[in-house]
K.L.:
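First the structure, which I've put down as structure tokens, then a few questions once you've had a look.
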Amino acid sequence: MKKIKFIVFWFILFFIFSINVNASSNTYTRSNNNLLVPKDVIVTRENINAILNTPAVSSSEKIYDFANLLTDAEEKKLFKEINEYINNTTIDAAIVTTRDLRGFSIADYANNFYDYNDFMSDGVAFVIYVGDNEPSIYMANSGDTKGKVFTIYTQKRINQILAYVYKNISAGNYYNACSDYIKILSGYFNLNRNTEYVVNDKGNIVKNIPWFGIIILSFTLTFIIDVILYTKIVNNKKVSTLDILDDCVDKSTLMVKNNTSQFINNKFQ
């Protein structure tokens, strides 16, 4: 009998330690005597109720699936992906799913969740709210408004990110949405704050060439061809437009062959 009890004990112990302790929905109890806020948070009459109503969590967990939208395996994969992003960027990040905004708007919930828990000063929070109607999503920035987080993740880019991942959110593919979110965060960071990039319909970061730039490039090319045509006609040389195109344009890249001029390569990276 003792042998059976011993086996059961070790089985239970193994089960406990095999549970994913990195990503979870654990929360802690805030009270007026112990608000569990970072040291830099100034508590006032205006924000104390918001603090008390905000879930208190361990900032090390990163994935907070309060709505139970992810499997344990998916949480583990996202935890690994989001920590790779954090280690590469020194920007903190949190992904939260919830069915209860605790009386906040989704924007206030996201900002409070990040600000009133012990995350790094520079970071982003992504909230998925699943209520009675269509799901809602929001991305919050934290840090100096002139710092790297706000410079890289502009409102325009945030809108692009949310528009892309919402396709999977509305279809119930929550892991794919969160994984794509992390991938796009990394993509924009790796562009080193270049503002000329957008998210395409495959979730990739690509160069955005505005129509104005294309028109200017076309006029420039036309002008160069006209000048060469005129010069060769004046010199009584028979020449065709196709000959000039062969001389002036690299067909493999559509770049103008001119060592004194610089043009934008319109090939997506």
Side-chain angles (χ1 to χ4, degrees), residues 17 19-68 70 75-76 78-129 136-155 157-158 161-162 178 181-182 184-186 188-189 192-193:
F17 281 96
I19 296 174
N20 177 25
V21 296
N22 295 317
S24 75
S25 56
N26 295 329
T27 59
Y28 305 94
T29 303
R30 300 185 193 267
S31 68
N32 286 296
N33 296 325
N34 189 6
L35 293 171
L36 301 176
V37 294
K39 294 180 180 179
D40 61 342
V41 172
I42 300 174
V43 180
T44 66
R45 291 181 180 180
E46 286 73 25
N47 68 7
I48 189 167
N49 286 331
I51 293 172
L52 289 170
N53 287 329
T54 300
V57 299
S58 168
S59 61
S60 65
E61 291 174 356
K62 309 304 178 188
I63 311 296
Y64 308 91
D65 187 24
F66 301 132
N68 197 28
L70 305 165
E75 287 188 16
K76 288 180 180 179
L78 287 175
F79 180 79
K80 181 180 179 181
E81 292 168 16
I82 204 168
N83 272 288
E84 288 176 355
Y85 163 78
I86 293 168
N87 292 335
N88 290 335
T89 64
T90 64
I91 295 174
D92 214 340
I95 294 177
V96 188
T97 74
T98 184
R99 299 181 187 275
D100 181 8
L101 293 175
R102 301 191 174 207
F104 300 120
S105 67
I106 190 170
D108 286 341
Y109 182 96
N111 286 301
N112 291 345
F113 189 93
Y114 195 95
D115 292 342
Y116 297 148
N117 286 296
D118 197 22
F119 295 101
M120 293 189 294
S121 58
D122 289 328
V124 293
F126 177 47
V127 173
I128 302 172
Y129 169 59
S136 300
I137 58 177
Y138 187 84
M139 176 178 165
N141 280 356
S142 180
D144 186 342
T145 55
K146 296 182 180 179
K148 60 182 177 181
V149 171
F150 281 84
T151 304
I152 296 170
Y153 305 114
T154 61
Q155 190 58 54
R157 287 181 169 178
I158 289 174
I161 295 170
L162 297 182
C178 294
Y181 167 77
I182 298 169
I184 297 172
L185 286 184
S186 297
Y188 272 135
F189 178 84
N192 197 26
R193 309 181 192 184

K.L.:
Go through the steps for Leu52 and Leu35 under the test side chain to side chain contact (heavy atoms under 4.5 Å, CB included), then give the verdict.
P.N.:
CA-CA 7 Å; Leu52 289 170; Leu35 293 171; 3.5 Å; yes

K.L.:
Parallel under 30°, tilted from 30 to 60°, perpendicular over 60°: which one fits the rings of Tyr109 and Phe113?
P.N.:
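Taking Phe113 first and then Tyr109, their aromatic rings lie parallel (interplane angle under 30°).
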
K.L.:
Answer yes or no: is there a side-chain heavy-atom contact under 4.5 Å between Asn88 and Phe189?
P.N.:
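Asn88 does not reach Phe189 side chain to side chain.
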
K.L.:
Can you list the residues that meet the ring-ring contact (aromatic ring centres under 6.0 Å, His included) rule with Phe119, with sequence neighbours excluded?
P.N.:
Tyr114

K.L.:
Among Val96, Ile137, Ile161, which residue satisfies the side chain to side chain contact (heavy atoms under 4.5 Å, CB included) criterion with Phe126?
P.N.:
Ile137

K.L.:
Show your reasoning for whether side chain to side chain contact (heavy atoms under 4.5 Å, CB included) applies to Glu75 and Leu78.
P.N.:
CA-CA 5 Å; Glu75 287 188 16; Leu78 287 175; 5.8 Å; no

K.L.:
So, for Ile51 and Val43, which heavy atoms are closest and what is the spacing to 0.1 Å?
P.N.:
CD1-CG2, 4.0 Å

K.L.:
When the ring planes of Tyr188 and Tyr153 are compared, do they come out parallel, tilted or perpendicular, using 30° and 60° as the limits?
P.N.:
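It falls in the perpendicular class, over 60°.
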
K.L.:
Could you report the tightest heavy-atom contact between Val127 and Ala110, atom names first, then the distance?
P.N.:
CG2-CB, 3.5 Å

K.L.:
Any side-chain to backbone donor/acceptor pair from Asp108 onto Leu101? Under 3.5 Å, distance only.
P.N.:
no

K.L.:
If you take all heavy atoms of Ala93 and Tyr85, which pair is closest and at what distance?
P.N.:
CB-CE2, 4.1 Å

K.L.:
Are Ile182 and Ile95 packed together at the side-chain level, in the sense that at least one heavy-atom pair is separated by less than 4.5 angstrom?
P.N.:
yes

K.L.:
In chain order, what residues pass the side-chain hydrogen bond (donor to acceptor under 3.5 Å, both in side chains) check against Ser59, with sequence neighbours excluded?
P.N.:
none

K.L.:
How far apart are the closest heavy atoms of Ala50 and Phe104, and which atoms are they?
P.N.:
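Answer, listing the atom of Ala50 first, then Phe104: O-CZ, 3.6 Å.
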
K.L.:
Any side-chain heavy-atom pair from Ile128 and Cys178 closer than 4.5 angstrom?
P.N.:
yes

K.L.:
Sequence neighbours excluded, which residues qualify as side-chain hydrogen bond (donor to acceptor under 3.5 Å, both in side chains) partners of Thr145?
P.N.:
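Result, side-chain hydrogen bond (donor to acceptor under 3.5 Å, both in side chains) vs Thr145: none returned.
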
K.L.:
Please step through side chain to side chain contact (heavy atoms under 4.5 Å, CB included) for the pair Asn112 and Asn47, ending with a clear verdict.
P.N.:
CA-CA 10 Å; Asn112 291 345; Asn47 68 7; over 6 Å; no

K.L.:
Could I get the full list of side-chain hydrogen bond (donor to acceptor under 3.5 Å, both in side chains) partners for Asn117, not counting sequence neighbours?
P.N.:
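Expected list: Arg30.
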
K.L.:
Only counting residues at least two apart or in another chain, list the ones meeting side chain to side chain contact (heavy atoms under 4.5 Å, CB included) with Asn34.
P.N.:
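By the side chain to side chain contact (heavy atoms under 4.5 Å, CB included) rule, Asn34 matches Ser31, Leu36.
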
K.L.:
Would you check if Asn141 and Ile158 make a side-chain contact, meaning some heavy-atom pair closer than 4.5 Å?
P.N.:
yes

K.L.:
Which residues pass the side chain to side chain contact (heavy atoms under 4.5 Å, CB included) test with Ser121, sequence neighbours left out?
P.N.:
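By the side chain to side chain contact (heavy atoms under 4.5 Å, CB included) rule, Ser121 matches no residue at all.
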
K.L.:
Which pair of non-hydrogen atoms, one from Glu61 and one from Phe79, has the smallest distance, and what is that distance?
P.N.:
O-CD1, 3.2 Å

K.L.:
According to the salt bridge (Lys or Arg N to Asp or Glu O under 4.0 Å) rule, which pairs have a member within residues 113-125, sequence neighbours left out?
P.N.:
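Checked against salt bridge (Lys or Arg N to Asp or Glu O under 4.0 Å) - neighbours excluded - no pair reaches residues 113-125.
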
K.L.:
Check whether any side-chain heavy atom of Glu84 sits under 4.5 Å from a side-chain heavy atom of Asn87, and report yes or no.
P.N.:
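They are not in side-chain contact.
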
K.L.:
Give me each pair satisfying side-chain hydrogen bond (donor to acceptor under 3.5 Å, both in side chains) with a member in residues 92-102, each pair once, sequence neighbours excluded.
P.N.:
Lys62-Asp92, Asp65-Thr97

K.L.:
Locate the shortest heavy-atom distance separating Ile91 from Met120; write the atom from each residue and the value.
P.N.:
C-CE, 3.8 Å

K.L.:
Using 0.5 Å steps for rounding, measure from the OG atom of Ser136 to the CG atom of Leu162.
P.N.:
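Separation between the atoms: 11.0 Å.
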
K.L.:
Listed by chain and number, what are the ring-ring contact (aromatic ring centres under 6.0 Å, His included) partners of Tyr116, not counting sequence neighbours?
P.N.:
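In terms of ring-ring contact (aromatic ring centres under 6.0 Å, His included), with neighbours along the sequence ignored, Tyr116 is linked to no residue.
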
K.L.:
By side chain to side chain contact (heavy atoms under 4.5 Å, CB included), which residues pair with Glu46, not counting sequence neighbours?
P.N.:
Thr44

K.L.:
Report the residues that fulfil side-chain hydrogen bond (donor to acceptor under 3.5 Å, both in side chains) with Tyr138, sequence neighbours left out, ordered by chain and then residue number.
P.N.:
none

